[in-house]
Amino acid sequence: MAYEQIIYEVQDGVAIVTLNRPEKLNAMTARMGAELGDAMAEADGDDEVRAVVVTGAGRAFCAGADLGSGGRFGAGWGDADDAPKRQLAPMDVRKPVIAAINGPAIGVGLTWPLQADIRYAAEDAKLSFAFVRRGVVPELASHVILPRLAGMAKAAELLMSGRMFSGVEAVEYGVATRALPADRVLPAARELAADIAANTAPLSVAISKRLLWEGVGVDLAAFRRREGAWLDFTAAAQDSKEGTAAFLEKRPRRWQGRISTELPDEVPAGTGRWTEG
């Protein structure tokens, strides 16, 4: 498959998907998100693919949404009008999806692999659900998935503080399965994928995965849309501009939002811009 911002290749029954904007620390754009969704659909429909590994080119996994030159959250996000239209989330792929988090994973760079089945992380990787520090809210069903991995209290700490934590701490919190030296993350993920490809029955694994995700007990597609609408709302607010500007200018944030007068009781209708990441 030919893509602009990712690389897709299949080796010995394993699809390797590489986020490929190393000069931008693989910052996410609308096109990259669309290409990732298409790559998941491609792997799902190919019976020769038995497992999927997703990693980042260079020293980062994904630095989050491309902030461009600032001015507002996701100023460098762009559009995906001419990008592939097939879209499938990692949890909907009927094969195991393993995220090889080889370096920094911030914002959507962490919520996207949260949708994978298994996560290996570099021991010293800098990880953060940084959304609230940019004036927006996390997405991609992270409010459902993370509490089931880490427990409600730890999920609340990570999502509502946006603080940085390491790959080692990610394992301690249940967010990742293994923490390894950075140069061992991808090889270890590929070894697991190769073992699955060689030694497990495809239908058995597909059914096991389906049951695992059904056990969450929530319509994750609907929940992603709900989170996406709240992300639309917060991204349009003044605090998202302030959070982005303060981050880029490396200065203290001066928040303006008022819960007493600006927080609606119901989720506003979203534009769909952020619904699927």
Side-chain angles (χ1 to χ4, degrees), residues 7 9 11-19 22 25-26 36 39-40 43 49-64 89-91 93 95-130 138 140-142 144-151 153-155 157-159 163-200 204-206 208-209 211-213 215-216:
I7 299 170
E9 53 191 336
Q11 300 175 8
D12 300 322
V14 177
I16 309 296
V17 182
T18 305
L19 283 61
L25 299 181
N26 302 317
L36 282 169
M40 294 301 104
V49 171
R50 294 292 322 285
V52 182
V53 174
V54 183
T55 194
R59 66 182 182 87
F61 180 78
C62 175
M91 71 275 281
V93 177
K95 295 97 184 263
V97 178
I98 305 165
I101 303 173
N102 54 302
I106 309 297
V108 68
L110 194 49
T111 55
W112 197 95
L114 209 62
Q115 302 173 104
D117 305 297
I118 300 161
R119 283 157 297 282
Y120 288 178
E123 294 169 336
D124 59 353
K126 293 181 178 180
L127 312 175
S128 171
F129 298 98
L140 299 182
S142 53
V144 173
I145 299 169
L146 189 60
R148 282 154 177 81
L149 296 174
K154 290 176 180 175
E157 176 193 327
L158 296 177
L159 291 175
R163 72 172 181 84
M164 201 76 72
F165 59 105
S166 70
V168 170
E169 194 172 4
V171 172
E172 294 171 352
Y173 271 44
V175 179
T177 308
R178 297 178 65 187
L180 301 154
D183 63 355
R184 283 293 306 151
V185 173
L186 179 56
R190 294 182 68 159
E191 287 168 12
L192 176 61
D195 181 48
I196 291 169
N199 297 307
T200 68
S204 299
V205 172
S208 182
K209 173 167 178 170
L211 292 171
L212 280 167
W213 283 101
V216 170

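Just the heavy atoms: all of them, side chains too, but no hydrogens, waters or symmetry mates, feed the values below.
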Taking side-chain hydrogen bond (donor to acceptor under 3.5 Å, both in side chains) as the definition, give me every residue that meets it alongside [X], ordered by chain and number, with sequence neighbours left out.
{"X": "Ser142", "answer": "none"}
{"X": "Arg50", "answer": "Thr200"}
{"X": "Asp12", "answer": "none"}

Measure across [X] and [Y] and return the closest heavy-atom pair with its distance rounded to 0.1 Å.
{"X": "Ala194", "Y": "Val14", "result": "N-CG2, 3.9 Å"}
{"X": "Pro138", "Y": "Leu159", "result": "CG-CD2, 3.9 Å"}
{"X": "Gly103", "Y": "Ala122", "result": "N-CB, 4.4 Å"}
{"X": "Pro90", "Y": "Gln115", "result": "CB-O, 3.5 Å"}
{"X": "Ser128", "Y": "Leu110", "result": "N-CD2, 3.7 Å"}
{"X": "Ala57", "Y": "Thr18", "result": "N-CG2, 3.5 Å"}

- [ ] Test Arg59 against Leu25 for side chain to side chain contact (heavy atoms under 4.5 Å, CB included), laying out the working first.
- [x] CA-CA 7 Å; Arg59 66 182 182 87; Leu25 299 181; 3.7 Å; yes
Open item on the list: With salt bridge (charged side-chain N to carboxylate O under 4.0 Å, His left out) as the rule and sequence neighbours excluded, what pairs involving residues 102-117 come up?
Closed with: Asp117-Lys209
Open item on the list: Strictly by salt bridge (charged side-chain N to carboxylate O under 4.0 Å, His left out), give each pair with a member in residues 105-116 just once, sequence neighbours left out.
Closed with: none
Can you list everything that forms a side-chain contact (heavy atoms from CB on, under 4.5 Å) with [X]? Sequence neighbours excluded, please.
{"X": "Leu149", "value": "Leu114, Arg119, Ile145"}
{"X": "Pro147", "value": "Ala155"}
{"X": "Pro104", "value": "Ala60"}
{"X": "Ala170", "value": "Leu127, Phe165, Val175, Ala176"}

- [ ] Only pairs at least two apart or in different chains count here, so list each side chain to side chain donor-acceptor pair (under 3.5 Å) that has a residue in residues 177-186.
- [x] Arg184-Glu191
Open item on the list: Lys154: which residues meet the salt bridge (Lys or Arg N to Asp or Glu O under 4.0 Å) condition with it, sequence neighbours left out?
Closed with: none
Task: salt bridge (Lys or Arg N to Asp or Glu O under 4.0 Å) partners for Glu169, two or more places apart - done: Arg163
Just how far is it from atom [atom1] of [X] to atom [atom2] of [Y], taken to the nearest 0.5 Å?
{"X": "Leu146", "Y": "Thr111", "atom1": "CG", "atom2": "OG1", "result": "10.5 Å"}
{"X": "Leu140", "Y": "Met91", "atom1": "CG", "atom2": "CE", "result": "8.0 Å"}
{"X": "Tyr120", "Y": "Ile101", "atom1": "OH", "atom2": "CD1", "result": "12.0 Å"}
{"X": "Asn102", "Y": "Leu180", "atom1": "CG", "atom2": "CG", "result": "11.5 Å"}

Task: Residue from Val17, Leu186, Ile118 passing side-chain contact (heavy atoms from CB on, under 4.5 Å) with Val53 - done: Leu186
Task: Stepwise side chain to side chain contact (heavy atoms under 4.5 Å, CB included) test for Leu19 and Val54 - done: CA-CA 8 Å; Leu19 283 61; Val54 183; 3.7 Å; yes
Task: Step-by-step side chain to side chain contact (heavy atoms under 4.5 Å, CB included) determination, Ile106 to Met164 - done: CA-CA 9 Å; Ile106 309 297; Met164 201 76 72; 3.8 Å; yes
Open item on the list: Looking at Asp124 and Ala182, would you say the former's side chain and the latter's main chain have a donor-acceptor pair under 3.5 Å?
Closed with: no
Do the non-hydrogen side-chain atoms of [X] and [Y] ever get within less than 4.5 Å of each other?
{"X": "Ser166", "Y": "Glu123", "value": "no"}
{"X": "Val185", "Y": "Thr55", "value": "no"}
{"X": "Phe61", "Y": "Pro113", "value": "yes"}

Task: Stepwise side chain to side chain contact (heavy atoms under 4.5 Å, CB included) test for Ile16 and Arg190 - done: CA-CA 8 Å; Ile16 309 296; Arg190 294 182 68 159; 3.9 Å; yes
